[in-house]
Every structure is written in structure tokens, then in C-alpha cells.
There are 2 protein chains.
Amino acid sequence: MVVQQELTDDDVNRIFRALADATRRDIVRRTLVAEISVSHLADAYAMSFAAVQRHVAVLEEAKLVTKEPRGRERIVRGDPGRIRQAQRLLDGFEQIWRSRIDRLDTLLEEQAN
Amino acid sequence: MVVQQELTDDDVNRIFRALADATRRDIVRRTLVAEISVSHLADAYAMSFAAVQRHVAVLEEAKLVTKEPRGRERIVRGDPGRIRQAQRLLDGFEQIWRSRIDRLDTLLEEQAN
DNA sequence: GTAACATACAATCAAATGGTTGTACAACAG
DNA sequence: CTGTTGTACAACCATTTGATTGTATGTTAC
């Protein structure tokens, strides 16, 4: 069983920071569809291999992708679990807002009585 | 009815970038709970008024909060709709991954036949 | 063994970020 | 009218980011 460990502020910063770039979001999409090497990924973008390598590193630091050696290549895979963690973070905001609405409803109800 | 307009890459960048900072996430939380002026917000943080003002501006550019003049104050409110849009973005990733699993299932099924 | 390929990593550079202080001005309180 | 409060905005500075090129090293193919 995968333990749902607490995310630090820095963890959350890294997750959202990593997602705040179109190239990196595209890399996440591609690596969720199928595993792919860094060099094959690099073919898809109009930038240097080193730049793509760096984007992958940012995603890896955010744990949104994992990198595994296979021969001379490094295979990159998107991590759907981490995406779900990010979803849960946004859910948190949603909950806050909803509980506010609930409180307002309660207040209005009390005034009606 | 609120039209669900398409988000550009830059829109998405701004949303995630804005969320990639603990102070800004806290501002979003506070302004979802209750509307509050910029100066009252600033009281909550160990940084200058101008710095908080800038954080609010970043959130406003991402449309995660709105700012409305009230007398000499500027009232800040979190926008739950924009949060939901962000949730939908992460849902998109989730879908990609799930459709991959579906394809793999289909493939395995075909091989079994 | 040699050449080609895939990666890692350092140095470098421009632009963006996150913070500061200072100045100006509008709105409210007395 | 005057002083205080709330905001806007500019200038400035250190750090981070996003990209480049160059060099080194490991892996595969022949």
C-alpha cells in the first residue's frame, strides 16, 4: 500500500511550478500516454536536448515523472499518483469555499427562524 | 450563464505559477473564506505591504482572485470558478492516463482471444 | 577498437521573480 | 484643513529560471 504522505509547502511549490510551463505539461501528457526516452522526447520540441533534459529534471524533482535507466537511455514515465495528489490540493480549496457557503446558509436559516 | 471559455497556454501558466507560492495559496484560502482588503491581508504576513500587494496582483492576473474598490480599500475575493477550471486541467491528465489503461486492457483482451 | 548515440553536467546569459524602500495620491476622520 | 490610512507604482537588488554551448562519460553497433 502506498502511504499518503504529507506534502510540504516546498513539495506543493515544486508541483505547481513544474506545471506552470507548456512544454513541461506536454511532457507529462506524453509520458502518461507511453514511456519514452529523454532523447525521443527532445525530438518533439524546438529546443536543445539539454533544455528538454532540464524540463524533465524539474518534473522529476516535483515527482510528476520518474526516470529509469534502460541501456544508454533514460526512460521517462508520468506518475498519475502525483497528479491525483495535485488534484486533492485543489479539492482543498474547493472544500474551503463550500464550507463557507454552508456557514452562510446556516446563518440565513437562523435568521429566518 | 457563464461561458466556459478556452484557456490559453499562458492562462494555464499563470494559474499554476500563481499557485506555486505558499503565501499566494494562503491568500487564496483566506479570500475564499471571506472577502478581505489588501491591507488587512498584509497584516497576516511578515513582509511589506507592497510585497503582499504584488502577490495579490499575480493572483488577479491568474484570475484566481478579483479585486473591487470599496472606499479607499480594495476588497479581494477568491474565485471558486477559476479553482474549478484548474481542477479540470488536472482531470485532463487523469483522463489521458486512464485512456491509456483502457487501450492496454483492450490490447490484452484481444490477445486473449 | 571505433564511431555514433544518449546522457550528465558546468559555464554562461537574458529575463522573470520576490522582495525592499520611496514617492504620490485618493479617501476618510477629526 | 490636516493627519492618517489604503493603495498604486517606480526604482532597485538578489536569486531563480529557461535557454544556450561545450565537455566528459557511458552504451551500443559494427
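Quick note: numbers below take in every heavy atom, side chains included, and nothing from hydrogens, waters or symmetry partners. Everything numeric in this text was worked out from a predicted model, so none of it was measured.
Each end of the helix from dG1(C)-dC30(D) to dG30(C)-dC1(D) gets its own rotation axis from five pairs of C1' atoms, and the angle between them is 30° to the nearest 10 degrees.
One can place CD1 of Ile75(A) at 14 Å from C1' of dC5(C), the figure rounded to the nearest angstrom. Rounded to an integer number of Å, the gap from CD of Glu60(B) to P of dT7(D) is 12 Å. Summarising the geometry, the separation between CD on Glu73(A) and C1' on dA8(C) is reported as 15 Å, rounded to the nearest angstrom. The interatomic distance linking Arg72(B) (CZ) with dC25(C) (C1') rounds to 13 Å, in whole Å. A straight line from CG of Asn13(A) to P of dT17(C) spans 15 Å, rounded to a whole angstrom. A straight line from CD of Glu61(B) to C1' of dA8(D) spans 14 Å, rounded to a whole angstrom. Spacing between atom CZ of Arg54(A) and atom P of dC9(C) amounts to 11 Å, rounded to whole angstrom units. Distance CG (Leu41(B)) to P (dT7(D)): 9 Å, rounded to an integer number of Å.
At distances below 3.5 Å, not a single donor-acceptor pair connects side-chain atoms of Arg24(B) with backbone N or O atoms of Val56(B). A donor-acceptor pair under 3.5 Å is formed between the side chain of Arg25(A) and the backbone N or O of Leu19(A).
At dT7(C), one or more side-chain N or O atoms of Ser39(A) fall inside 4.0 Å of OP1 or OP2 (strictly under the cut-off). The shortest distance between the side-chain N/O atoms of Lys67(B) and the OP1/OP2 oxygens of dG6(D) is not below 4.0 Å. One finds a side-chain N or O of Arg24(A) lying less than 4.0 angstrom from the OP1 or OP2 phosphate oxygen of dG18(D).
Sequence order on DNA chain D of the closest nucleotides to Gly71(A) and Val52(A) puts Val52(A) first from the 5' end. In terms of position along DNA chain C, the nucleotide closest to Gln53(A) lies nearer the 5' end than the nucleotide closest to the other residue of the pair Gln53(A) and Arg17(A). Of the two residues near DNA chain D, Thr23(A) and His40(B), the one whose nearest nucleotide lies more 5' is His40(B).
Set against dA8(C), dC5(C), dG6(D), the side chain of Arg74(A) has dA8(C) as its closest nucleotide. Minimum atom distance to the side chain of Ala51(A) is reached by dT20(D), of the listed dT20(D), dA6(C), dT4(D).
Cation-pi check for Arg84(A) over Trp97(B) is met; the charged atom lies under 6.0 angstrom from the ring centroid and within 45 degrees of its normal. Taking the ring axis of Tyr45(A) as reference, the NZ or CZ atom of Arg30(A) stays within 45° of it and closer than 6.0 Å to the ring centre.
Under a 4.0 Å N-O distance rule, the pair Asp11(B)/Lys63(B) does not qualify as a salt bridge.
Counting only N and O atoms by type, the side chains of Asp26(B) and Thr23(B) include no donor and acceptor under 3.5 Å apart. A donor and an acceptor atom, one from each side chain of Gln85(B) and Arg82(B), are located under 3.5 Å apart.
Looking at Asp79(A), Thr31(A), Val65(A), Thr66(A) one by one, the single match for side chain to side chain contact (heavy atoms under 4.5 Å, CB included) with Leu59(A) turns out to be Val65(A). Results of the salt bridge (Lys or Arg N to Asp or Glu O under 4.0 Å) test with Glu61(B) over Arg54(B), Lys67(B), Arg17(B), Arg14(B) single out Arg54(B) as the only residue that passes.
Within the model, atoms CG of Asp91(A) and CD of Gln87(B) stand 5.0 Å from one another, a figure rounded to the nearest 0.5 Å.
Contacts between residues 42-50 of chain A and DNA chain D, defined by a heavy-atom separation below 4.0 Å, involve Met47(A), Ser48(A), Ala50(A), listed by number.
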